[in-house]
Amino acid sequence: MKRVKLWDKEFEISYPASEIKKDIETMAAAINTDLKSEEKPLFISVLNGSFIFTADFIRLIEFPCEISFVKLASYEGTQTSGTVNQLIGLTEDIENRTVVILEDIVDTGITLGKLVESLAAHKPKAIKIATLLYKPESYKGKLKIDYIGKSIPNEFIVGYGLDYDGLGRNLADIYTLV
Ligand code: IMP
Ligand code: MG
C-alpha cells in the first residue's frame, strides 16, 4: 500500500486517482442531464480544498456556464460571541440564477449550511449542491445534497486538494490517516 508522511502522521492510499476520475464523470453526466436547459448556471467553487476537483469537473460540463470561487472567512465577532462567517469573492449577481456549489468534502455540514445561508440572501433561483466526498456518519445538516461523488467513512483524509495542516493538497490520490 502506498503511504505518505505529512508532518507527524502517516496516511495510506484509499481512493486512487482513477476512481476519483470515474466518480467525477458520473457526477458531471448527471449534472449535464439535469441542468442543460437552465440559463447559464453559475458554479461556485469553495476554496481552498475544491480547486483540483473543480478543475477536473468543470471540463466535463457540456453546456454554457460560469464559474466563480468563494471562501468562507471566519472571524471573531466584536459584538457577538463566537465566530461570524463572511462570504468573500462572490462578484456575480446571482439573483434569479441557478447556482451549483462545488465542495471538496461535506463532513458535519456546518460549512455548507453557512454557505447556503449566505448565498440564499442573494435570492438565487435555485441552489444545488455537488460534493466530491461526503461523510454520512458525521453529517448533521438538514440540506439535501444533490450530487455526491463518493460517500466515505468518518476518517480523516488528504490529497486531491484536501490538506492536513496545509500539506497534502498536491497529492493526485486520496489517502486516509493510518
Ligand atoms: P464541515 O463544516 O464539518 O462539513 O467541514 C467542512 C470542511 O472541513 C471541509 O471543507 C474541509 O476543509 C474540512 N474537512 C472535513 N473533513 C476533512 C478531511 O477528512 N480531511 C481534510 N479536510 C476535511
Ligand atoms: Mg471545503
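As the structure lists them, so they are numbered: ligands from 1, and atoms in each ligand from 1. All values below were derived from every heavy atom in this structure, side-chain atoms included, with hydrogens, water molecules and symmetry-related copies excluded. Note that the structure is a prediction, hence the values are computed from the model and not measured.
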Next on the checklist: For Glu38, is there an ion pair with Lys125 - N to carboxylate O distance below 4.0 angstrom?
Outcome noted: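 Here Lys125 pairs with Glu38 in a salt bridge, since their nearest N and O are under 4.0 Å apart.
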
Checklist entry - Looking at Glu92 and Arg97, does any basic side-chain N land under 4.0 Å from a carboxylate oxygen? => result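 Salt bridge flag = no for Arg97 with Glu92.
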
Checklist entry - How many angstroms lie between atom CD1 of Ile152 and atom CD1 of Ile105, to the nearest 0.5 angstrom? => result 4.0 Å

As an exercise, identify every atom of ligand 1 less than 4.0 angstrom from a heavy atom of [X].
X      : result
Thr111 : 1 (P), 2 (O), 5 (O), 6 (C)
Thr108 : 1 (P), 2 (O), 3 (O), 4 (O)
Gly109 : 1 (P), 3 (O), 4 (O)
Leu162 : 21 (C), 22 (N)
Ile110 : 2 (O), 4 (O)
Glu155 : 19 (O)

With a 4.0 Å cut-off on heavy atoms, is [X] in contact with ligand 1?
X      : result
Asp163 : yes
Ile105 : yes
Asp104 : yes
Gly49  : no

Item to check | Atom nearest to the Mg ion (ligand 2) - Glu103, N, O or S atoms considered | outcome: OE1

Item to check | Name, closest N/O/S atom of Asp104 to the Mg ion (ligand 2) | outcome: OD1

Item to check | Closest heavy-atom pair and its distance - Leu115, Leu72 | outcome: N-CD1, 4.0 Å

Item to check | Contact bool for atom 3 (O) of ligand 1 (protein heavy atom, d < 4.0 Å) | outcome: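 For atom 3 (O) of ligand 1 the answer is yes, since some protein heavy atom falls inside 4.0 Å.
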
Next on the checklist: Test of understanding: given a 4.0 Å heavy-atom threshold, classify the contact between Lys135 and ligand 1 as side chain, backbone, both, or neither.
Outcome noted: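 Just the side chain.
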
Checklist entry - How does Asp107 reach ligand 1, if at all, at less than 4.0 Å between non-hydrogen atoms: by side chain, backbone, both, or neither? => result both

Checklist entry - Just by modelled atom types, is the Asp104 backbone N or O under 3.5 Å from a matching donor or acceptor in the Ser50 side chain? => result yes

Checklist entry - Got a donor-acceptor contact below 3.5 angstrom from the Lys135 side chain to the Glu155 backbone? => result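 Looks like yes, one N/O pair under 3.5 Å.
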
Checklist entry - Below 6.0 angstrom between ring centroids: does that apply to Tyr15 and Tyr160? => result no

Checklist entry - Just wondering, more than 12 heavy atoms not from Glu10 lying within 6.0 Å of its CD? => result yes

Item to check | Parallel, tilted or perpendicular, as decided by the 30° and 60° cut-offs, for the rings of Phe11 and Tyr164 | outcome: tilted

Checklist entry - Taking distance alone, with no angle check, do Ile157 and ligand 1 share an N/O pair under 3.5 Å? => result yes

Item to check | Single-linkage hydrophobic cluster, 4.5 Å side-chain cutoff, Met27 and Leu133 together | outcome: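 In one cluster with Met27: Leu133, yes.
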
